Amino acid sequence: MTSTAQPTVPEGRKAQPDHLGHVIFITAAAAMGGFLFGYDSSVINGAVEAIRTRYDVGSAVLAQVIAIALIGCAIGAATAGRIADRIGRIRVMQIAAVLFTISAVGSALPFALWDLAMWRVLGGIAIGMASVIGPAYIAEVSPPAYRGRLGSFQQAAIVVGIAISQLVNWGILNLANGEQRGKIAGLEAWQWMLGVMVVPAILYGLLSFAIPESPRFLISAGRLDRAKEVLSEVEGRTVDLDARVSEIQDAMRREHKSTFKDLLGGKGGFLPIVWVGIGLSVFQQLVGINVAFYYSSTLWQSVGINPESSFFYSFTTSIINIIGTVIAMIFVDRIGRRPLALIGSAGMAVALALEAWAFSAKTAAGTLPSTEGTVALIAAHGFVLFFALSWGVVVWVFLGEMFPNKIRAAALGVAASAQWIANWAITASFPSLSDWNLSGTYVIYMVFALLSIPFVLKYVKETKGKALEEMG
């Protein structure tokens, strides 16, 4: 007798939410942390030269003030996973919102350089927490069929935050008649640039009260009825909720609270999968992407472009960043994470090579010839485009998906910490490197873009379409 039974498909994989709009709202609210991440990370771009002149500091000291926030990012990223496992994902979002708010007010009203640095560290801790809790929460509330696209909301929010920060900076600069230290209502323009972040910070805190806790955390806390309600909201009312809870419980029974010790094993110290996550995070930063967002105004001014135009180019770069991110969101679940990463690596390498060539023509007067200047601008925008449509999105998606359940929180924290440390190394070194040889600096970034290609081909596995319980 021929069987008519169909292959069993886990409920969580075939589920379609009844109200996709509601799932998108939940995801977007969680990704507001990503918006603040992008905003706080890049808003300093508009204040760099003003801080240099206000406090009369050289490139090395200035770089440390800019980069010191990234130490806070590493601390926040390293601790957020553990805290989230103890008190829940929503509470961590609320803590981050409070830290963002305090940092914005303090950075706008510093007494001296040292406390400006302190407020930036505090904001960095908030960014680090948001960098971990956003992808983790979104992965846990997203139906598998939509997880790639919903996971990319985090990066979309980051790039929108970057763009809005540059637009706000440009608007404030114009209000101050093109002077970064021009006065507006008693404060210098750069102070307003840093202080405006208080608005989205408060909004993030308010939104955190409007979204549900992660079903996986609720199950771990024994709140099964509430977990079923949330699963029904995000995966569909036709799903067998008891079966889904059992599936998650079975996965959780095979694991324990992830700790740093769980990540250890093998000849290299960490488990191989942890090293892959660290590699993805580090390569994402070593191509020099954040130079475009922390120093672009200063960079363009260093090659002869006036402040208002340099601020405008920073904004247009941010728009290209958004376009690239939208492209990635469209294709991340269609062609997969690895192909996008490889396309992006190749495109970035070419763009960085063109930038290196263009900056090699910098004259003794500190300007670029017309042709090289045009190539530099086009290549800079092309570099950001290829980054955004690839590594900008896929790394966050990978980090939210690739680790086995039993080590996910701790491994994500370590990988994100590595990302912030690499970000700090690039950010702190750029002013001195550019003083040494601007063209040579871009050659270094190009080499890292090229090295990322064999890394992805050899070590990174595709995660498209897999349930979280299948990882490992």
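Since the model is a prediction, treat every value here as computed from it, not as a measurement. Just so it is clear, the values below take in all heavy atoms, side chains as well, and ignore hydrogens, waters and symmetry mates.
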Could you give the distance from [atom1] ([X]) to [atom2] ([Y]), rounded to the nearest 0.5 Å?
X: Leu194; Y: Ile44; atom1: CG; atom2: CD1; value: 5.0 Å
X: Glu401; Y: Glu462; atom1: CD; atom2: CD; value: 8.5 Å
X: Ile319; Y: Leu385; atom1: CD1; atom2: CG; value: 13.0 Å
X: Gln154; Y: Thr325; atom1: CD; atom2: OG1; value: 11.5 Å
X: Ile211; Y: Tyr137; atom1: CD1; atom2: OH; value: 4.0 Å
X: Asp40; Y: Ile158; atom1: CG; atom2: CD1; value: 12.0 Å

Side-chain heavy atoms of [X] within contact of [Y], under 4.5 Å:
X: Phe315; Y: Asn169; result: no
X: Trp391; Y: Val456; result: yes
X: Tyr294; Y: Asn423; result: yes
X: Leu224; Y: Ile219; result: yes
X: Val168; Y: Tyr39; result: yes
X: Val141; Y: Pro215; result: yes
X: Val282; Y: Phe448; result: no
X: Thr101; Y: Ile202; result: yes

Hey, is Arg223 close enough to Glu213 for a salt bridge, meaning N to O under 4.0 Å?
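Glu213 and Arg223: not salt-bridged.
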Say whether, by atom type as modelled, one donor and one acceptor occur between the side chain of [X] and the main chain of [Y] under 3.5 angstrom.
X: Gln285; Y: Ala425; answer: no
X: Ser107; Y: Ala104; answer: no
X: Thr441; Y: Leu433; answer: yes
X: Arg337; Y: Val332; answer: yes
X: Ser452; Y: Ala449; answer: yes
X: Ser103; Y: Leu99; answer: no
X: Arg216; Y: Glu140; answer: yes
X: Arg120; Y: Val65; answer: yes
X: Ser281; Y: Ala415; answer: yes
X: Ser220; Y: Phe217; answer: yes

Check step by step if side chain to side chain contact (heavy atoms under 4.5 Å, CB included) holds for Met129 and Ile95.
CA-CA 9 Å; Met129 296 177 85; Ile95 291 170; 3.9 Å; yes
Show the nearest heavy-atom pair for residues [X] and [Y], with the distance to one decimal.
X: Ala74; Y: Ile421; result: CB-CG1, 4.2 Å
X: Met329; Y: Ala156; result: SD-CB, 3.6 Å
X: Ser131; Y: Ala77; result: OG-CB, 4.1 Å
X: Leu450; Y: Pro454; result: O-CD, 3.2 Å
X: Ala63; Y: Thr427; result: CB-O, 4.4 Å
X: Tyr204; Y: Ala96; result: CE2-CB, 4.2 Å

Working note: Ser41 + Asn290, criterion side chain to side chain contact (heavy atoms under 4.5 Å, CB included); need CA distance, chi angles, decisive distance, verdict.
CA-CA 9 Å; Ser41 294; Asn290 280 307; 5.5 Å; no
Check the side chains of Ser296 and Asn45 for a donor-acceptor pair under 3.5 angstrom, ignoring hydrogens and angles.
yes
Parallel, tilted or perpendicular, as decided by the 30° and 60° cut-offs, for the rings of Phe25 and His22:
parallel
Parallel, tilted or perpendicular, judged at 30° and 60°: which one describes the rings of Phe455 and Phe283?
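Tilted, since the angle between the ring planes falls between 30° and 60°.
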For Met446 and Phe383, run side chain to side chain contact (heavy atoms under 4.5 Å, CB included): C-alpha distance rounded to whole Å, both residues' side-chain angles, the deciding distance at 0.1 Å, then the answer.
CA-CA 10 Å; Met446 178 197 70; Phe383 166 61; over 6 Å; no
Is it the case that more than 12 heavy atoms not belonging to Arg91 sit under 6.0 Å from its CZ atom?
no
May I ask you to check whether Phe311 and Trp170 place their ring centres under 6.0 Å from each other?
no
Aromatic centroids of Tyr445 and Tyr442 separated by under 6.0 Å:
yes
Please test Ser318 against Ile162 for side chain to side chain contact (heavy atoms under 4.5 Å, CB included), starting from the C-alpha separation and ending with a verdict.
CA-CA 6 Å; Ser318 300; Ile162 291 170; 3.4 Å; yes
